[in-house]
Protein chains: 2
Amino acid sequence: MTATIKDVAKKAGVGLGTVSRVLNNHPSVSEETKKKVLEAIKELDYNPNAIARSLKIKSTNSIGVMIPDISSAFYSDIVRGIEDIANKYKYNIILLNTDLKREKEKEALITLKEKKVDGILFISNTINDKLKKDFRKINIPVVLIATKDKNEEFHSVTIDNEEAAYKATEYLIKLGHNKIAMLAGKNDDPNAGIPRIEGYKRALTENKIAVREDYIFHGDYKFKSGFQNMLKIIKLKDKPSAIFAASDTMAVGAASCAMQHGFKIPDDFSLIGFDGIELAQYFYPPITTIKQPRYEMGAKGMEKLLKLIQGEEIEKGEVLEFELVERSSCKLKGD
Amino acid sequence: MTATIKDVAKKAGVGLGTVSRVLNNHPSVSEETKKKVLEAIKELDYNPNAIARSLKIKSTNSIGVMIPDISSAFYSDIVRGIEDIANKYKYNIILLNTDLKREKEKEALITLKEKKVDGILFISNTINDKLKKDFRKINIPVVLIATKDKNEEFHSVTIDNEEAAYKATEYLIKLGHNKIAMLAGKNDDPNAGIPRIEGYKRALTENKIAVREDYIFHGDYKFKSGFQNMLKIIKLKDKPSAIFAASDTMAVGAASCAMQHGFKIPDDFSLIGFDGIELAQYFYPPITTIKQPRYEMGAKGMEKLLKLIQGEEIEKGEVLEFELVERSSCKLKGD
DNA sequence: ATGAAAGCGCTAACAG
DNA sequence: CTGTTAGCGCTTTCAT
């Protein structure tokens with residue numbers, strides 16, 4: 001049997017209240033009894049039962065992390081940021097994969113409710129109305145990471161996707177390119193989809209380059225869709241000289257396709273990605289990209305959640321800085 | 001206030017015991033009262049309190065996952081396997097990063113003990129004696145993933161690293177190579193280090209190729225160490241024609257280095273990696289590698305743990321199959 | 001400063 | 001089949 005507070009009290013010859021007090025180092029305990037208790041604790045190799053404690057104080061020091069897929073490089077970095085901060089403040093994280101499925105989100109939420117987590121971090125690229133309704137009803141602080149709701153009803157930490165896409169496209173334009181294709185996300189993705197397309201278009205328009213819809217290819221951010229869309233691009237009579245991909249993985253898929261067909265990066269196509277995952281860095285040639293501060297998004301999200309839990313008033317939407325990191329996949333047009 | 005079982009009982013006009021019974025669908029409840037209770041539950045939007053339940057039944061349906069770093073591609077895939085199985089059996093996972101630091105492992109263990117997890121999954125490439133002692137003392141089932149202890153005192157799921165390295169090296173030999181270098185791990189790493197070096201040496205020896213210590217380069221499995229060791233290799237007067245890397249990330253680092261210096265893969269160097277992470281697949285050229293069944297390791301580990309929790313007798317060490325996946329980074333010697 | 005007692009929300013044994 | 005009761009291990013008044 002594992003020792004309880006009662007055993008400790010008996011051994012130390014004090015009441016249980018006293019043991020509890022030294023455990024939570026309450027001031028009003030004499031040094032002497034404190035010593036006795038500490039000794040008994042050591043002798044019995046006693047560990048407090050967090051479950052019992054939680055039941056009593058109605059707080060678990062656990063937070064729930066809902067994530068599309070922990071095995072995705074983009075998301076796992078976020079979780080690392082979360083865990084580091086959580087750990088620092090003695091919180092633990094319960095991890096649930098949602099696969100972006102409404103059904104799994106729903107189940108996850110029920111679990112989290114039953115397990116009485118003190119807060120929830122919801123990581124995704126989108127949030128649907130039903131889930132919002134659930135979040136509203138539940139009486140647990142929530143912060144969204146890498147997504148936000150239109151009305152800013154919930155707290156969130158994101159980057160400015162439109163602006164980032166604008167900068168990426170502008171970078172290509174400044175390099176002299178005027179035929180710039182985009183490997184985009186989907187038109188119904190309010191975070192990584194639409195805003196990045198809009199930023200791309202705005203950069204073009206502001207620089208007096210006509211937007212060509214036939215230069216926009218929609219994909220799912222994965223390697224294969226980058227590869228396949230690139231297949232279409234290299235078949236174009238009027239080829240672009242530069243490409244902006246809405247994810248590094250698609251960028252790499254496109255690069256692989258191009259190289260496999262005898263083209264060179266950046267000689268034949270300048271290429272800029274999005275996300276800043278390791279893959280882009282380690283690819284050859286290393287891919288220039290918009291780096292999202294993934295670790296910081298997680299860390300910041302956790303910090304916000306902590307404040308919310310403590311009842312502090314904080315700003316709703318936190319927009320973090322992205323960074324354009326130049327590597328070797330882009331060059332001056334015609335250089 | 002959130003509703004409790006008591007509220008439900010009152011509303012349904014029954015005793016709390018009855019509510020508890022329908023919650024755990026105990027057979028001995030009449031259809032009629034069951035209906036009443038269910039109705040009350042719905043009306044009150046009641047959710048059972050898992051904390052209270054856990055305190056009573058002394059089981060939390062949570063398991064602890066100790067992992068070096070969730071943001072590492074290799075480990076995050078394992079966790080996905082774990083979570084899928086856990087989820088299937090209504091278990092949740094509490095995630096703790098250890099960074100392979102004894103101090104963090106120790107703290108993690110205390111936390112897990114206090115939170116009363118039903119079991120622990122320890123993922124690492126090594127396990128030190130102090131931790132083993134802690135595991136022994138703690139009264140919670142443990143299974144090791146991707147590592148094992150020498151005496152097989154603990155349950156584990158691994159691959160046969162020596163054999164895998166043997167196969168990788170043999171593959172290169174069969175391609176006609178006899179000057180094969182190795183980008184190895186460290187000599188004090190009992191899992192990914194030593195056995196892979198031994199497998200490499202055995203393949204050489206069995207094929208009557210002399211082992212050259214100057215062809216073995218030690219690294220930390222990361223990109224940079226692959227890159228830097230490759231720098232040494234290309235400066236060798238007597239260059240190898242093939243390289244076996246103990247991790248895909250080092251293989252990719254080596255390939256980048258080689259390509260950056262004007263060498264071609266596989267023309268100038270045949271290259272085989274280890275692990276089977278996405279990076280190897282998406283690199284250009286795609287890297288031939290020994291694929292570890294990471295997802296399965298996690299899933300299998302979780303299944304074993306579940307059995308242990310249920311008190312079943314199971315085999316101690318489970319050795320999973322690896323797979324040599326051929327891609328485009330190797331070619332016949334002199335072809 | 002400290003002991004005793006109540007109770008967090010639930011399950012399980014007991015009685016009926 | 002169902003209501004009542006006694007805890008699970010802890011925190012927190014309330015006395016003393």
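Source: prediction; values computed, not measured. Side chains are part of it too, since the values below use all heavy atoms of this structure and drop only hydrogens, waters and symmetry mates. In what follows, every chain begins at residue 1, and chains take the letters A, B, ... in the order their sequences are listed.
Sequence order on DNA chain D of the closest nucleotides to G13(B) and I57(B) puts G13(B) first from the 5' end. Residue whose closest nucleotide on DNA chain C sits further toward the 5' end, between L55(B) and T18(B): L55(B).
Side-chain polar atoms of S59(A) and D118(A) form a donor-acceptor pair below 3.5 angstrom. For the residue pair T147(B) and N125(B), no side-chain donor N or O sits within less than 3.5 Å of a side-chain acceptor on the partner. For Y295(B) and D84(B), the side-chain atoms include at least one donor-acceptor pair closer than 3.5 Å. When only modelled atom types and interatomic distance are considered, K115(B) and S62(A) share a side-chain donor-acceptor pair under 3.5 Å. Checked by atom type, the side-chain pair N61(A)/K90(A) shows no donor-acceptor distance below 3.5 Å. Donor-acceptor pairing under 3.5 Å is recorded for the side chains of Y221(A) and D189(A).
Proximity of a side-chain donor or acceptor of R294(A) to a complementary backbone N or O of D275(A) within less than 3.5 Å is detected. Within the 3.5 Å criterion, the main-chain N or O of K101(A) finds no donor-acceptor partner in the side chain of T98(A).
Between D129(B) and R136(B), none of the side-chain N atoms (NZ, or NE/NH1/NH2) sits under 4.0 Å from a carboxylate O, so this pair counts as no salt bridge. Taking the charged nitrogens against the carboxylate oxygens, R102(A) and D134(A) do have a contact shorter than 4.0 Å, which makes a salt bridge.
Non-hydrogen atoms lying under 4.0 Å from DNA chain D are contributed by V29(B), S30(B), T33(B), all within residues 29-43 of chain B.
Shown here is D45(A), whose CG atom has more than 12 heavy atoms of other residues, nucleotides or ligands within 6.0 Å.
Residue pairs meeting the ring-ring contact (aromatic ring centres under 6.0 Å, His included) criterion with at least one partner in residues 99-128 of chain B, sequence neighbours excluded, are F122(B)-F135(B). For residues 24-66 of chain B, the set of pairs meeting the ring-ring contact (aromatic ring centres under 6.0 Å, His included) definition, not counting sequence neighbours, is empty.
Helix bend of the helix from dA1(C)-dT16(D) to dG16(C)-dC1(D): the angle between its two end axes, each built from five pairs, comes to 40° after rounding to 10°.
No engagement by V19(A) is indicated, since no non-hydrogen atom pair under 4.0 Å with the nucleic acid exists. Residue S28(A) is in base contact, counting any heavy-atom pair closer than 4.0 Å across all strands shown.
The nucleotide range of DNA chain C contacted by chain A, defined by atoms under 4.0 angstrom from heavy atoms of the protein and reported 5' to 3', is dA1(C) to dG9(C). Extent of DNA chain D lying under 4.0 Å from chain B heavy atoms, first and last nucleotide in 5' to 3' order, is dC1(D) to dG9(D).
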